[in-house]
Amino acid sequence: MNDIVERTQVMELVQTLPAEQVRYVLRVIQSLPRKETSSSRCNLRGRFASYANPELRAREKEAWALAVEEKQA
């Protein structure tokens with residue numbers, strides 16, 4: 001959430017700058033080294049692994065049918 005707020009604030013600030021300063025800011029940003037996104041990404045399976053309940057794995061295949069049955073009962 002803070003990332004979005006910061007981006008919005010930056011965009012508002014950039015819109016107030018003269019064109020020459022905007023070009024300068026863009027040159028500075030383009031000269032910054034890029035981060036590798038593939039190494040910083042993580043999938044949800046790995047992120048939620050600590051919440052896994054091995055006892056419920058056997059019931060996984062029938063989970064949808066049980067949920068529908070409970071809702072319609």
Side-chain angles (χ1 to χ4, degrees):
M1 182 72 174
N2 287 338
D3 191 33
I4 295 170
V5 172
E6 289 173 2
R7 288 182 188 188
T8 303
Q9 291 171 340
V10 168
M11 289 302 297
E12 290 172 358
L13 175 65
V14 168
Q15 290 174 355
T16 65
L17 297 175
E20 186 177 323
Q21 290 179 344
V22 171
R23 283 192 293 273
Y24 177 75
V25 169
L26 288 174
R27 273 188 265 141
V28 169
I29 291 172
Q30 289 171 348
S31 69
L32 295 173
R34 293 186 179 258
K35 293 181 181 178
E36 291 293 325
T37 56
S38 61
S39 63
S40 64
R41 285 190 170 185
C42 120
N43 62 26
L44 292 179
R45 183 181 300 171
R47 194 165 279 214
F48 293 113
S50 62
Y51 299 103
N53 186 344
E55 296 172 5
L56 297 177
R57 298 227 44 177
R59 295 181 59 198
E60 254 180 30
K61 291 183 179 178
E62 57 190 37
W64 175 256
L66 291 173
V68 171
E69 192 175 300
E70 284 180 20
K71 185 174 181 176
Q72 300 300 324

Those residues that, when tested against [X], pass side chain to side chain contact (heavy atoms under 4.5 Å, CB included) (two or more places apart):
X	answer
L32	none
T8	I4, E12
E62	R59, L66

For residues 18-31, run the donor-acceptor check on the side chains, cut-off 3.5 Å, and write out each pair with its distance to 0.1 Å, sequence neighbours left out.
unit_1, atom_1, unit_2, atom_2, d
S31, OG, R27, O, 3.4
S31, OG, V28, O, 2.7

Listed partners of E55 passing salt bridge (Lys or Arg N to Asp or Glu O under 4.0 Å), at least two apart: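 Partners of E55 by the salt bridge (Lys or Arg N to Asp or Glu O under 4.0 Å) criterion come out as none, since no residue qualifies.
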